[in-house]
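Heads up: the structure comes next, in structure tokens.
As a basis for the values below, the full set of heavy atoms in this structure was taken, side chains included, without hydrogen atoms, waters or symmetry mates. Naming: A, B, ... by sequence-line order, numbering from 1 per chain.
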Number of protein chains: 2
Amino acid sequence: MAAISVRDVAARAGVSVGTVSNVLNRPDKVAPATVERVQEAISELGFVRNDAARQLRAGRSRSIGLVVLDVANPFFTDVARGAEARAAEDGLTVLLGNSDENLDREGAYLDLFEEQRVHGVLISPLGDVGDRLTRLRARGTPTVLVDRKTADHSFSSVAVDDVAGGHLAVEHLAAIGRTRIAFVGGPQSIRQVADRLEGARQAVREHPGVSLEVIDTEALSVLQGRFAGEQLRARDPADRPDAVFAANDLLAIGVLQALSMLGDVRVPADVALIGYDDIAFAAAAIVPLSSIRQPSTLIGHTAVDLLLREAAGGDDFEHEQIEFQPELIVRESTGG
Amino acid sequence: MAAISVRDVAARAGVSVGTVSNVLNRPDKVAPATVERVQEAISELGFVRNDAARQLRAGRSRSIGLVVLDVANPFFTDVARGAEARAAEDGLTVLLGNSDENLDREGAYLDLFEEQRVHGVLISPLGDVGDRLTRLRARGTPTVLVDRKTADHSFSSVAVDDVAGGHLAVEHLAAIGRTRIAFVGGPQSIRQVADRLEGARQAVREHPGVSLEVIDTEALSVLQGRFAGEQLRARDPADRPDAVFAANDLLAIGVLQALSMLGDVRVPADVALIGYDDIAFAAAAIVPLSSIRQPSTLIGHTAVDLLLREAAGGDDFEHEQIEFQPELIVRESTGG
DNA sequence: CCCGTTTTATGAAACGATTCATCCCTCACT
DNA sequence: AGTGAGGGATGAATCGTTTCATAAAACGGG
């Protein structure tokens, strides 16, 4: 309503606008008596700093943009929490954008963040690192890839070795004697999916007699998992795989629902099941879910670290690729 | 790097800055040929609008602040998705803040949003509607309470009748013959918790012979639920309640983990269990969870609706309280 | 061919906080 | 008393966009 500005505060306190600004930003440079008088004026008038003006002058905002594939996936909210915690240490805020595995939405958020002149962008990109990100960074917005590594070393990134994770999962399935394995996941354009499948293929190659079938899904959601599960359930038992490796836990939960709740296929007796991410709900699933654990909070934390380092370093900054190792968590769904 | 501004674009295209602005905001007011020339200059120079300057001029930002109690709770991410969808219809963005049931964090986000001059604030407040929110609104930021109603009608709000929900849950437990009921939840300062408990108490009063015990928790998380569940498991069976009503599904899942995974208490045979919110994972829990469903996405959607209406209406705006009714969902955890 | 409209373009002013060169005082020291 | 140093305070300039009053050009009807 009133739109109180520093000017009003200055008038009320009988000082100049410069002094008000100093009280706000470096109180130690102002005489104690003056500080108090200004503070008083501020609270009497109910003055609230206008962040837009601040940013305009500063040239950069005090936030970091984070674009994730799916906010409904607890893995990503965990990453976000890690990022938020680290950002808070430097007085920065995290803006969370949800691309929902949709290229247009991803682009919209990138545009938005760039217009906001964010400190930097953390992104779990949908497809390839396109022109988009390259241009974004070229124009001066530091960018760090999350949960994703690049072949070339043109971007900083924090990732987990998804190929190793996929290998771990299938290796485990083979170790418990399963031979007809199905990989449920998609779309393949998502690198995480492709890498996990690649790891699975490697493991299969190392075990003669073990076969791998790929069941494609449109997204990494519970619902899509349910569709895949129903398809499996409808098959003739002889024709059914004896193990399923789902590209993430949401899918795995969907498969589980279709198989053991809606159907009569027993997990793990008939079909062993393993997911990926080890979200909190995996342990509480109808059949506690084996999974591949990723250090989600740490990923977010580290990504912000890297971003700040990149922002501080000059143009000749050496991009850094950090890769964590995934961990196999065995529970009942694979006979644990 | 370069910091391209409208001025640069104007120079390049050989027009005035006003025209560039018009191309950006009302292209129909500019001759087609000119539009094209300006567009060209924009893409050649890689010009990106500076949102801070835009907002400064406009006086308001184009986003809405949303403060929730816990981002890790799927219920709130669903609310956020609903809000985001409705906001997008009006070209607005939703900024998600996570108070984590912490008063300081809640305050920090409110300050931040106010400094950002957001269009309005949606909040699921921690304790009472304090001075804080009253002042915020008095200073001109429309505010709508989410998942919470006020006794007086001083704020607009979108809520679900939590008393009715609590009643529904306990009524159901009584109907299936349980008599020694435990309410797991806390802190009581969270209105949702208090209301659900109140509803539970009402239902108990209507059923002679049914008793209610309250087990307090520090937060509404899976971990806190596990603590409560362990406490129950450690008890002598004769001394154990035969039903648990958890204040939300996260707690219920924690209780379930403690009872049936880590312990040997059978659900629902020994202890029936019902949660609240009906999050997606409830149906996939180790024992599919009965719950009280809330129309989460609709809540978010409606809250933004109300906010926009309040922002449009003048000072004499009539605050509106919308209340949805909860719905009982029966699954195996109560013998469904 | 003239006058009143309509279309198109102009550029200075404004938004509000921050910065920085500058000035004014005190005070200590010689 | 004079000088220099340094703490405090000042206020005009600045960031980049939008708005708006105004001007110029194009058009159409009589």
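Going from atom CG of B/Asp8 over to atom P of D/dC15 covers 11 Å, rounded to whole Å. Rounding to whole angstrom units, CG of residue A/Asn50 and P of D/dG16 are separated by 17 Å. Atom pair B/Leu45:CG and D/dG16:P shows a separation of 14 Å (rounding to whole Å applied). One can place CG of B/Asn22 at 15 Å from C1' of C/dA12, the figure rounded to the nearest angstrom. The CD atom of B/Gln55 sits 16 Å away from the P atom of D/dG16 (whole-angstrom rounding). Rounded to an integer number of Å, the gap from B/Lys29 NZ to D/dC20 P is 14 Å. Atom CZ of B/Arg7 is separated from atom P of C/dA13 by 13 Å (rounded to the nearest Å). Counting to the nearest Å, the C1' atom of D/dG16 and the CZ atom of A/Arg54 are 18 Å from each other.
Just one of A/Ile123, A/Thr302, A/Leu307 meets the side-chain contact (heavy atoms from CB on, under 4.5 Å) condition when paired with A/Val144; it is A/Leu307.
The side chain of B/Arg49 contributes an N or O atom lying less than 4.0 Å from OP1 or OP2 of D/dT18. Contact between the side-chain N/O atoms of B/Asn25 and the OP1/OP2 oxygens of D/dT18 is found at a separation under 4.0 Å. For A/Ser21, a side-chain nitrogen or oxygen approaches OP1 or OP2 of C/dT18 to under 4.0 Å. In this model, the phosphate group of C/dC15 is not approached by any side-chain N or O of A/Ser5 to a distance below 4.0 Å at OP1 or OP2.
Nucleic acid contact class of B/Arg26 (heavy atoms, under 4.0 Å, all strands): sugar-phosphate only. Among the heavy atoms of the strands lying under 4.0 Å from A/Thr19 is at least one base atom, whether or not backbone atoms are also near. Note on B/Arg117: nothing from the nucleic acid sits closer than 4.0 angstrom, heavy atoms only. Contacts of B/Val30 with the nucleic acid, taken as non-hydrogen atoms under 4.0 Å apart, involve only primed sugar atoms and P, OP1 or OP2.
The nearest heavy atom of DNA chain C to B/Val15 and to B/Leu56 marks one nucleotide each, and the one closer to the 5' end goes with B/Val15. Heavy-atom distances to DNA chain D give each of A/Gly18 and A/Asp28 a nearest nucleotide, and the one nearer the 5′ end belongs to A/Asp28. Comparing B/Leu24 and A/Thr34 by the nucleotide of DNA chain D that holds the closest heavy atom to each, the one mapping nearer the 5' end is A/Thr34.
With D/dA12, C/dA17, C/dG16 as the choices, the nucleotide that has an atom nearest any side-chain atom of A/Val17 turns out to be D/dA12.
Under a 4.0 Å N-O distance rule, the pair B/Arg86/B/Asp305 qualifies as a salt bridge.
A/Ala13 and A/Ala41 get closest at one heavy-atom pair: CB-CB, 3.9 Å.
Rounded to the nearest 0.5 Å, atoms CD (B/Glu318) and NE2 (B/His153) are 9.5 Å apart. In this structure, the separation between CZ on A/Arg49 and CD1 on A/Ile4 is 15.5 Å, given to the nearest 0.5 Å.
Side-chain contact of B/Gln192 with B/Asp147: a donor-acceptor pair under 3.5 Å is present, judged by distance alone.
Side chain B/Arg57 to base D/dT17: no donor-acceptor pair is found below 3.5 Å.
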